[in-house]
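Everything below concerns the one structure shown next.
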Amino acid sequence: MNAADEAITLLKKYGGAAYFGEPVSQLEHALQTAHFAVQAGSSRELVLAALLHDVGHLLVDPAESAADEGIDARHEIAGYDWLLSRFGELVAEPVRLHVPAKRYLCRTNPAYLSRLSPASVRSLELQGGPFTEEEAREFESHSFFREALRLRSWDDEAKIPGMVVAPLEAYEWLWRA
Ligand code: FE
């Protein structure tokens, strides 16, 4: 199986599973995130990152997943490792950084923290909580800083029940590079 087929299979196989404590499924969440990335005029790589940013969750059977058991599953690292060898760093890096981006925003933007969903607040604690000032400065110097923040903003938006967006089949163009 090539990388595109592997990704599509994962999205379809576990895509119907609930997205931890949110009112949308994993697949709806992925498609909404990609939708916002397209709307923002993103590069092909960043749209791919948006569509696959939670692939780390899909690599494990959702029934066995750790989210509600008080364990940080480090899904962004699993996703990064999986994506790097298949789609390269332009896709993998924003995915790796989408959790640090949340910790960064919680440090630098008080309004952000107050807008997080209850499930996202719960996972924040498992992810290490808000960055320190020093961690925040270091994060700003990362070459994928901007992409990470953009992906994070779409990820946070993409929890809208019943939102009509393009289906997975509309992303054929993404897989052909
Ligand atoms: Fe997400």
Side-chain angles (χ1 to χ4, degrees), residues 1-69 71-88 90-99 101-102 116-124 126-127 147-148 150-177:
M1 231 195 305
N2 66 26
D5 289 337
E6 280 184 87
I8 291 166
T9 301
L10 280 171
L11 285 166
K12 285 185 173 169
K13 184 174 178 192
Y14 294 134
Y19 180 58
F20 311 108
E22 306 287 358
V24 290
S25 72
Q26 287 279 355
L27 181 58
E28 287 174 306
H29 175 65
L31 291 172
Q32 288 182 22
T33 309
H35 166 85
F36 293 127
V38 169
Q39 270 199 330
S42 308
S43 67
R44 171 187 167 271
E45 287 80 9
L46 199 50
V47 177
L48 261 179
L51 186 64
L52 297 172
H53 76 277
D54 279 335
V55 74
H57 284 314
L58 304 178
L59 295 171
V60 289
D61 185 327
E64 296 166 18
S65 184
D68 283 321
E69 291 159 31
I71 305 163
D72 177 13
R74 303 276 282 163
H75 77 285
E76 75 281 14
I77 305 298
Y80 170 82
D81 290 341
W82 193 88
L83 290 166
L84 185 63
S85 60
R86 291 166 176 83
F87 297 101
L90 294 179
V91 177
E93 280 288 350
V95 171
R96 180 171 74 84
L97 297 176
H98 86 282
V99 171
K102 173 174 148 187
L116 280 182
S117 66
S120 204
V121 169
R122 217 179 322 131
S123 61
L124 172 67
L126 300 173
Q127 289 155 347
E147 288 80 0
R150 294 175 77 200
L151 174 54
R152 184 75 229 175
S153 70
W154 304 323
D155 183 13
D156 291 328
E157 282 300 303
K159 300 170 178 179
I160 303 169
M163 183 184 184
V164 177
V165 292
L168 191 53
E169 291 70 29
Y171 290 94
E172 264 308 308
W173 60 277
L174 264 191
W175 313 111
R176 288 191 278 268

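Worth saying up front: this structure is predicted, and the values here are computed from it rather than measured. For the single chain, residues carry numbers from 1 onward in sequence order.
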Do you know which two heavy atoms are closest between [X] and [Y], and how far apart they sit?
| X | Y | answer |
| --- | --- | --- |
| A158 | T33 | CB-OG1, 3.2 Å |
| A3 | R86 | CB-CB, 3.7 Å |
| A49 | V91 | CB-O, 3.6 Å |
| W154 | S42 | CH2-OG, 3.1 Å |
| Y80 | V95 | N-CG1, 4.4 Å |
| Y171 | A166 | CE1-O, 4.1 Å |

Got a second to check how far [X]'s [atom1] is from [Y]'s [atom2], nearest 0.5 Å?
| X | Y | atom1 | atom2 | result |
| --- | --- | --- | --- | --- |
| L116 | K102 | CG | NZ | 6.0 Å |
| D155 | Q32 | CG | CD | 11.0 Å |
| S117 | D156 | OG | CG | 7.5 Å |
| K12 | L168 | NZ | CG | 6.0 Å |
| M163 | E28 | CE | CD | 11.0 Å |
| I8 | L51 | CD1 | CG | 9.0 Å |

So which of E76, H29, R152, H98 actually passes side-chain hydrogen bond (donor to acceptor under 3.5 Å, both in side chains) with H53?
H29
Identified side chain to side chain contact (heavy atoms under 4.5 Å, CB included) counterpart of L31 within the set L11, V165, V24
V165
Are any of the side-chain nitrogens in E93 or R96 under 4.0 Å away from the carboxylate oxygens of its partner?
yes
Sub-4.5 Å side-chain heavy-atom contact between Q26 and D54
yes
Do L97 and E147 come within less than 4.5 Å of each other through their side chains, counting heavy atoms only?
no
Apply side-chain contact (heavy atoms from CB on, under 4.5 Å) to the pair L10 and W82, showing each step before the final yes or no.
CA-CA 12 Å; L10 280 171; W82 193 88; 3.6 Å; yes
